Amino acid sequence: MFACLPRLSDVTGKSTNLLYRFVFARNFAAHTDHLFDELPQRDLSALNSQLSSYLRSGNPNGTLALFLKMHRASSDLSSHTFTPVLGACARLSYPETGRQVHALMIKQGAETGTISKTALIDMYSKYGLLVDSVKVFESVEDKDVVSWNALLSGFLRNGKGKEALGVFAAMYREEVEISEFTLCSVVKTCASLKILQQGKQVHAMVVVTGRDLVVLGTAMISFYSSVGLMSEAMKVYISLNVHTDEVMLNSLISGCIRNRNYKEAFLLMSRQRPNARVLISSLAGCSDNSDLWIGKQIHCVALRNGFVSDSKLCNGLMDMYGKCGQIVQACTMFSAMPSKSVVSWTSMIDAYAVNGDGVKALEIFREMCEEGSRVLPNSVTFLVVLSACAHAGLVEEGKECFGMMMERYRLVPGTEHHVCFIDILSKAGDTEEIWRLVERIMIENNNRNLPCAIWVAVLSACSLNMDVSRGEYAAMRLMEETGPENASIYVLISNFYAAIGKWDMVEELREKLKKKGLVKAAGHSSLFI
DNA sequence: TTAGGGTTAG
């Protein structure tokens with residue numbers, strides 16, 4: 001299946017990942033489409049239209065299957081062929097396939113032009129490969145507002161809000177004429193960073209420039225909800241009353257729940273029959289707020305509207321019951337589910353883990369891994385399992401799971417997995433093993449400094465196990481990474497020195513903290529007595 | 001070629 005496509009390494013010298021090729025081939029084996037053979041004449045523009053049509057109708061597999069047939073039959077493909085194909089690759093999350101298509105574009109000279117390159121920027125950012133995305137952007141000769149927007153939304157999608165704002169500032173400097181797409185992404189960025197003033201400024205720009213407010217209005221409602229200003233969100237909604245739609249209303253309802261404005265939320269729900277999606281979002285709000293009573297009411301609304309067979313809604317309900325401490329109710333829902341997805345299993349494992357039953361969490365995990373369950377654990381599952389082991393002090397089990405993740409399931413541990421594993425090893429007093437792990441991660445990271453979270457975990461482990469030299473090294477690396485303005489890091493390092501009895505260092509750090517006028521944000525509990 | 005519901009698990 002893949003022999004007909006080149007590898008990006010053939011063109012650029014980069015390495016390829018065999019696993020992606022396996023996954024992709026397996027997926028395609030099930031997809032046999034006869035459209036190409038049935039077409040009376042293989043007109044390139046008609047086929048290109050069909051590629052786009054598959055993508056628009058939510059069938060990216062169809063786009064790729066047809067594309068492969070086109071490629072096998074003729075090497076004469078145009079840039080109009082590649083843009084929908086790149087969109088399909090991005091939708092299916094197979095980075096290696098996308099790279100292969102990119103390679104073919106380079107070979108055929110179809111990589112030029114703003115539109116093709118914008119599709120590449122978008123695809124790489126949807127894979128999370130921002131370095132590649134930026135590289136393509138830099139190579140665009142005639143950057144237009146769409147290519148800028150693709151870069152901006154790419155940063156936003158990958159949680160790089162500050163960088164996204166940087167792109168917006170650059171657009172301003174370069175005098176790019178911004179569009180509604182730009183404003184929409186910037187509003188979302190302000191929401192993700194929870195920056196009220198900047199968000200208000202964008203709101204003013206939206207109003208002054210008189211943009212179409214159906215989509216932007218929804219983004220504004222979400223923005224005000226995420227900064228906790230429901231009165232402003234409501235004002236936006238009311239000001240657009242004639243032009244509101246279901247999406248906007250759902251955004252408002254979910255915002256009301258998340259901000260505990262329950263009366264308004266249920267009033268809005270009573271005006272129009274809610275759909276499953278808004279109930280799922282509202283349940284997530286209840287989970288975050290640990291609000292069992294409201295969660296139960298939403299369960300009732302779901303029952304009244306006949307949504308209880310919706311598997312995603314069941315997952316949401318199960319998670320809500322688990323997070324609100326109702327493990328029996330969560331378990332009952334889990335058992336009753338006819339089809340359990342990886343999310344259902346992971347939610348159930350997490351429910352036991354957060355309620356302090358690490359042994360039971362592991363039992364469910366093992367059940368999931370049995371061959372009969374036919375659901376594979378993913379990286380979130382392992383994070384939940386490792387976290388359960390860390391909290392319950394299940395050292396051997398944690399080691400076994402960490403090994404299983406890489407060897408049996410071929411999953412690459414991320415920073416959060418490493419942090420959990422360091423915590424597990426710390427409980428076993430095994431700082432030697434922690435250090436071997438840190439050295440391995442550093443090699444994998446090409447000797448660049450590690451994420452702060454890793455050094456924080458190492459420092460905590462060294463405090464617990466009185467490992468002075470390694471702790472001092474971790475403290476040094478942490479300071480390098482965060483800079484001297486981070487009060488929490490000062491306190492953390494100071495606590496380490498206190499744990500090992502170096503009180504002169506504790507005093508020195510506290511003095512520095514005082515001189516700089518830094519204040520650590522106070523912790524708080526969400527429990528009310 | 002780029003945007004709207006933090007639809008479910010970390």
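FYI, side chains are in, hydrogens and waters are out, and symmetry mates aren't considered; it's all heavy atoms of this structure. Quantities reported herein were computed from a predicted structural model and do not represent experimental measurements. Order of the sequence lines fixes the chain letters, A, B, ..., with proteins taken first and strands second; residue numbering starts at 1 for each chain.
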Point to revise | Presence of A:S251 side-chain N/O under 4.0 Å of B:dG6 phosphate oxygens OP1/OP2 | key: yes
Regarding the side chain of A:L383, the nearest nucleotide among B:dT8, B:dT2, B:dG10 is B:dG10
Per atom distances to the A:F181 side chain, the nearest of B:dG4, B:dT2, B:dA9 is B:dT2
Phosphate contact (B:dA3 OP1 or OP2) by A:K188 side-chain N/O below 4.0 Å = no
- Under 4.0 Å between any heavy atoms, over every strand shown, what does A:S185 touch: base, sugar-phosphate, or nothing? Just pick one. nothing
Taken to the nearest whole Å, OH/A:Y224 to P/B:dG6 is 16 Å
Here the distance between atom P of B:dT1 and atom CG of A:N48, to the nearest Å, is 11 Å
Regarding the side chain of A:K312, the nearest nucleotide among B:dG10, B:dT7, B:dG4 is B:dT7
* Asked: When the ring centroid of A:F82 is compared with that of A:H102, is the distance short of 6.0 Å?
  -> no
Is there, by distance only and without an angle test, a donor paired with an acceptor across the side chain of A:D245 and the base of B:dG4 below 3.5 Å?
yes
May I ask you to decide if the ring planes of A:Y124 and A:Y127 are parallel, tilted or perpendicular, using 30° and 60° as cut-offs? perpendicular
Between CG of A:L252 and C1' of B:dG4 the distance, given in whole Å, is 14 Å
Any idea how A:Y409 and A:F382 line up, ring-wise: parallel (<30°), tilted (30 to 60°), or perpendicular (>60°)? tilted
From the candidates B:dA9, B:dG4, B:dT2, the one with an atom nearest any side-chain atom of A:C184 is B:dG4
Ranking B:dG6, B:dG4, B:dA9 by distance to the side chain of A:V215, first place goes to B:dG4
- Task: Tell me what A:K323 touches on the nucleic acid: a base, only sugar-phosphate, or nothing, going by heavy atoms under 4.0 Å.
- Result: sugar-phosphate
Next item on the list: Classify the nucleic acid contact of A:V214 as base, sugar-phosphate or nothing, counting any heavy atom under 4.0 Å across all strands shown.
Entry: base
Could you check whether A:K117 makes a cation-pi contact with A:F137, meaning its NZ or CZ is under 6.0 Å from the centre of the six-membered ring and within 45° of the ring axis? no
The nucleotide from B:dT2, B:dA9, B:dT8 with an atom nearest the side chain of A:S347 is B:dA9
Practice item. Please work out if A:K117 contacts a base, only the sugar-phosphate, or nothing of the nucleic acid, heavy-atom cut-off 4.0 Å. Key: nothing
Here the distance between atom P of B:dG6 and atom CG of A:N259, to the nearest Å, is 11 Å
In whole angstroms, the gap separating P of B:dT7 from CZ of A:R277 amounts to 6 Å
Looking only at heavy atoms, the pair that brings A:L104 and A:L77 closest together is CD2-CD1, 4.4 Å
Point to revise | Test: A:K323 and A:D288 ion pair at under 4.0 Å | key: no
Give one of base, sugar-phosphate or nothing for A:V384, where a contact means two heavy atoms less than 4.0 Å apart.
-> sugar-phosphate
Ranking B:dA9, B:dT1, B:dG6 by distance to the side chain of A:D288, first place goes to B:dG6
In whole angstroms, the gap separating P of B:dT1 from CD1 of A:I115 amounts to 8 Å
| task | Flag yes if more than 12 heavy atoms outside A:K143 fall under 6.0 Å of its NZ atom; otherwise flag no. | result | yes
Rounded to whole Å, CD of A:E416 lies from P of B:dA9 at a distance of 14 Å
Considering only heavy side-chain atoms of A:S222, the closest of B:dT2, B:dA3, B:dG6 is B:dG6
Rounded to whole Å, the CG-C1' distance (A:L55 to B:dT1) equals 11 Å
Does OP1 or OP2 of B:dA3 have a side-chain N or O of A:R157 closer than 4.0 Å?
yes
Worksheet entry | Whole-angstrom distance between B:dG10 and B:dG6, as gauged at atom C1' | 15 Å
Closest to the side chain of A:N315, out of B:dT8, B:dG10, B:dA3, is B:dT8
Quick check: any donor-acceptor pair below 3.5 Å linking the side-chain of A:T118 to the base of B:dT1?
yes
